[in-house]
10 protein chains.
Amino acid sequence: MLFMVQMIVQIPSTLAPEVADEIKRREKEYSQQLQREGKWRHLWRVVGEYANVSIFDVASNDELHTLLSGLPLFPYMQIKVTPLANHPSSIVQE
Amino acid sequence: MLFMVQMIVQIPSTLAPEVADEIKRREKEYSQQLQREGKWRHLWRVVGEYANVSIFDVASNDELHTLLSGLPLFPYMQIKVTPLANHPSSIVQE
Amino acid sequence: MLFMVQMIVQIPSTLAPEVADEIKRREKEYSQQLQREGKWRHLWRVVGEYANVSIFDVASNDELHTLLSGLPLFPYMQIKVTPLANHPSSIVQE
Amino acid sequence: MLFMVQMIVQIPSTLAPEVADEIKRREKEYSQQLQREGKWRHLWRVVGEYANVSIFDVASNDELHTLLSGLPLFPYMQIKVTPLANHPSSIVQE
Amino acid sequence: MLFMVQMIVQIPSTLAPEVADEIKRREKEYSQQLQREGKWRHLWRVVGEYANVSIFDVASNDELHTLLSGLPLFPYMQIKVTPLANHPSSIVQE
Amino acid sequence: MLFMVQMIVQIPSTLAPEVADEIKRREKEYSQQLQREGKWRHLWRVVGEYANVSIFDVASNDELHTLLSGLPLFPYMQIKVTPLANHPSSIVQE
Amino acid sequence: MLFMVQMIVQIPSTLAPEVADEIKRREKEYSQQLQREGKWRHLWRVVGEYANVSIFDVASNDELHTLLSGLPLFPYMQIKVTPLANHPSSIVQE
Amino acid sequence: MLFMVQMIVQIPSTLAPEVADEIKRREKEYSQQLQREGKWRHLWRVVGEYANVSIFDVASNDELHTLLSGLPLFPYMQIKVTPLANHPSSIVQE
Amino acid sequence: MLFMVQMIVQIPSTLAPEVADEIKRREKEYSQQLQREGKWRHLWRVVGEYANVSIFDVASNDELHTLLSGLPLFPYMQIKVTPLANHPSSIVQE
Amino acid sequence: MLFMVQMIVQIPSTLAPEVADEIKRREKEYSQQLQREGKWRHLWRVVGEYANVSIFDVASNDELHTLLSGLPLFPYMQIKVTPLANHPSSIVQE
């Protein structure tokens with residue numbers, strides 16, 4: 001079951017750079033683990049912004065919230081979730 | 001080069017149903033042709049809306065505008081284009 | 001799996017009253033059938049508006065879109081879908 | 001008398017984590033007490049956000065404001081209240 | 001129990017003037033009846049707009065929706081309802 | 001001459017609680033003095049928000065600005081002023 | 001007493017051109033009469049829009065509403081009124 | 001003196017296609033004449049929209065309004081004007 | 001050449017009061033100098049807000065930006081500029 | 001391939017002035033280098049704002065994101081990117 005997830009990162013200027021770097025390092029690791037498991041199907045950068053557009057493939061709303069709220073950068077993100085369905089004109093079922 | 005394209009369809013109630021149906025039939029054909037050519041990489045329905053989220057893969061802005069303005073439903077759509085770039089945490093280059 | 005669905009009805013003034021009435025009659029029947037099946041869990045009127053707040057319980061995004069796009073009033077509605085998850089402070093699992 | 005209440009939590013980064021934790025502990029207790037009393041009828045998490053959608057059942061506007069302004073997290077919340085009425089198509093009176 | 005109700009009137013230009021006039025005549029009568037009953041406590045014009053700000057005093061959300069949806073101009077209005085509570089600094093209880 | 005004034009209070013978390021309390025004490029005193037003089041005709045709390053809806057009765061725009069900018073909480077408020085006129089359907093002149 | 005009034009004109013395409021022209025002719029006459037009386041102090045065109053920014057000088061809110069609702073183009077305008085006060089840094093009292 | 005002008009075209013579906021085509025033909029001619037005179041310095045299509053971003057070079061606000069309100073498509077456009085100034089980091093004066 | 005300039009002042013609570021007072025003193029002086037030169041033609045307070053509506057009369061966009069960016073309060077202001085043109089119904093050329 | 005890029009600069013008041021000055025010095029150098037290379041084709045100041053409108057000419061979305069995220073002021077900017085295409089009425093191909 002697919003969801004578009006749009007994430008905007010806003011790290012407060014009061015966060016120490018080395019703390020921010022450590023959070024970003026764990027974010028990358030966490031993200032790549034979910035990508036390898038097939039749950040985070042696509043991850044694209046929005047040009048000119050510290051933001052991304054992602055496609056998640058999960059079994060339920062609860063699973064999606066667990067994954068998103070577990071993001072190391074979650075406290076510093078503004079997230080918007082859009083549920084997706086199969087499109088009748090699509091040539092593939094995804 | 002990837003772009004997210006969000007399309008909202010708004011067919012005016014004054015359009016004759018058979019005309020609308022013919023436009024939708026051509027829209028589907030046009031869309032599936034572009035999907036087969038690999039230019040319209042993904043096409044998802046937004047749940048609860050007459051709208052879609054799409055990913056296009058084109059060589060230039062001009063090519064993207066040519067493809068979008070050629071959509072049979074173009075005069076009845078509100079379209080928003082977001083340029084995408086490779087994300088440093090993505091495990092694939094797409 | 002629960003979703004909040006907010007529906008705003010906008011019937012164009014050009015629609016003949018008897019056609020509108022017939023659509024509303026079928027809408028009510030359709031809605032009550034889904035309520036009896038347990039898929040449309042709650043249905044409330046927004047005070048002062050021709051709008052409702054609803055809670056749907058479905059197995060997937062695709063099922064939800066099928067149910068919503070099948071609404072007789074669907075062509076005359078503006079719909080917003082919000083995926084819901086279990087809240088850690090809730091005393092029930094719903 | 002039912003109200004939809006949408007709450008978005010925004011804890012300032014300057015609040016000490018142990019203070020925030022104590023406030024959240026009291027918030028949970030307070031919320032569960034109101035749920036057991038039947039005043040806070042539903043409590044759902046919005047997927048991907050530090051936010052909830054709730055349904056309150058109270059005797060008056062004054063009672064609702066007293067309950068909401070008594071939330072331990074009230075100073076850190078953005079709250080939107082929508083009065084609900086019985087819907088003519090609903091199969092239950094709630 | 002008090003509610004602020006903001007109403008914006010938008011009569012479509014396709015409505016025949018004599019029909020519109022008859023609706024406005026009934027609207028005035030209906031409004032003045034509710035004012036005399038004490039349910040429509042205040043009614044003010046917004047300067048420069050075909051809009052009003054009103055204060056209603058009703059026993060429940062359901063009563064308020066019944067009153068508002070009974071307005072002869074209801075199909076041509078955009079309405080926003082804000083529940084009000086007693087203010088601790090107010091020198092009167094109203 | 002009547003004006004609707006909507007005030008949203010946003011006290012920065014960096015303000016010392018005892019300073020905030022003293023400002024609120026003076027705000028209440030100031031507000032009640034204006035109410036007794038008949039200039040602040042109504043004061044209602046917006047349910048669920050640290051905000052109010054008020055009706056002022058003043059002789060001029062200049063007088064209204066003087067009253068509002070003299071509010072002890074003025075530096076911490078977002079204020080919106082809407083000029084009101086007599087409504088032709090109102091049964092009282094106010 | 002001064003007010004900024006911002007007017008946006010939106011004449012529906014269904015209005016016959018000769019009717020529209022007659023309304024505009026009367027609008028101009030009405031506007032110039034108010035300018036000569038000193039009530040419509042300034043009238044500027046917003047560059048690139050069928051809109052204006054105006055300054056009115058009136059004795060009361062009621063007078064302003066009477067003047068604005070008497071505009072021949074009033075049914076085809078979106079109007080926003082902003083009350084103005086004397087500025088402490090202004091070198092003139094106006 | 002430079003201005004950014006953003007134009008969105010919205011031709012009503014009730015306009016006869018041959019009338020629309022004639023207006024567009026005159027629009028193109030008008031636009032190209034102004035480009036040749038150096039007043040319409042740049043004209044770009046916004047990808048996916050019936051809209052453009054333009055740069056005008058004019059002697060005054062009045063001249064700009066005269067040029068824009070003379071556009072054959074002016075009655076069917078939503079236009080936003082942004083005054084531009086020389087940027088201290090620009091390597092050219094334009 | 002006239003421009004409407006709308007300024008909203010937002011002085012951060014971290015700025016020392018005596019520094020803020022000195023900036024405001026210089027702002028007043030600067031503003032009154034421009035008024036005496038005829039470049040800042042009108043300056044009005046927006047009722048209930050720490051904001052103003054102004055009319056500037058300058059020779060070019062560059063001059064206007066130089067004047068505005070030289071305001072002592074410029075770093076603490078949100079500014080919106082609207083170019084104005086002569087209105088065909090105005091009885092004066094200004 | 002052209003893109004309009006709109007940048008709004010928001011330097012937090014907590015940044016030391018000498019640090020800010022050094023960042024701005026590097027920003028100017030970086031910007032002028034890109035202008036000389038022909039990648040940053042136009043750079044204009046928005047009148048009255050700490051903001052600019054720019055036109056970039058790049059080979060791909062990835063190149064544009066690399067250039068923008070390398071801006072010394074990037075962490076303090078809000079950036080909006082609009083892809084541009086050739087306009088059929090333009091007398092030049094750019």
Side-chain angles (χ1 to χ4, degrees), chain C residues 2-32 34-36 40-56 68 71-82 84 87 89-90 92 94, chain E residues 1-24 27 30-31 34 39-43 46 50-85:
Chain C
L2 301 181
F3 292 85
M4 171 167 68
V5 180
Q6 293 168 287
M7 309 182 197
I8 300 174
V9 185
Q10 293 165 315
I11 296 179
S13 58
T14 52
L15 199 69
E18 59 277 11
V19 175
D21 286 348
E22 170 60 13
I23 294 174
K24 289 181 204 167
R25 195 195 54 72
R26 288 192 291 118
E27 175 85 9
K28 186 172 189 169
E29 198 174 286
Y30 181 93
S31 163
Q32 295 192 334
L34 292 181
Q35 289 177 64
R36 279 188 295 265
W40 194 327
R41 290 253 295 249
H42 299 284
L43 169 58
W44 298 292
R45 173 65 77 213
V46 178
V47 172
E49 302 185 30
Y50 193 179
N52 71 65
V53 171
S54 292
I55 304 294
F56 278 77
L68 293 176
L71 286 163
L73 280 170
F74 183 73
Y76 311 113
M77 274 177 167
Q78 186 181 333
I79 292 182
K80 189 179 162 219
V81 173
T82 305
L84 302 175
H87 193 288
S89 296
S90 178
V92 291
E94 58 172 352
Chain E
M1 209 168 60
L2 301 181
F3 292 85
M4 172 168 67
V5 180
Q6 293 168 286
M7 308 182 198
I8 300 174
V9 186
Q10 292 164 316
I11 296 179
S13 58
T14 53
L15 200 69
E18 59 277 10
V19 176
D21 285 348
E22 170 60 13
I23 293 174
K24 289 181 205 166
E27 175 85 9
Y30 181 93
S31 162
L34 291 181
K39 292 177 190 297
W40 194 328
R41 290 252 294 250
H42 299 284
L43 169 57
V46 178
Y50 192 178
N52 71 65
V53 171
S54 292
I55 305 293
F56 278 77
D57 185 357
V58 294
S60 70
N61 289 348
D62 281 319
E63 182 186 6
L64 182 57
H65 186 69
T66 301
L67 296 183
L68 293 176
S69 59
L71 287 163
L73 280 171
F74 183 73
Y76 311 113
M77 273 176 168
Q78 186 181 333
I79 292 182
K80 189 179 162 217
V81 173
T82 305
L84 302 175

What's the shortest heavy-atom distance between C:Tyr50 and E:Phe74, and which atoms?
N-CZ, 4.3 Å
Answer with side chain, backbone, both or neither: which region of E:Thr14 has an atom nearer than 4.5 Å to a non-hydrogen atom of chain C?
side chain
Contacts of E:Lys39 that satisfy side chain to side chain donor-acceptor pair (under 3.5 Å) - sequence neighbours left out:
E:Glu63
Please find the pair of heavy atoms, one from C:Glu49 and one from E:His65, that lie closest to each other, and give the distance.
O-CE1, 3.7 Å
Heavy-atom pair of closest approach, residues E:Val81 and C:Val47:
CG2-O, 3.6 Å
Closest approach of E:Leu68 and C:Gly48, non-hydrogen atoms and distance?
CD1-CA, 3.8 Å
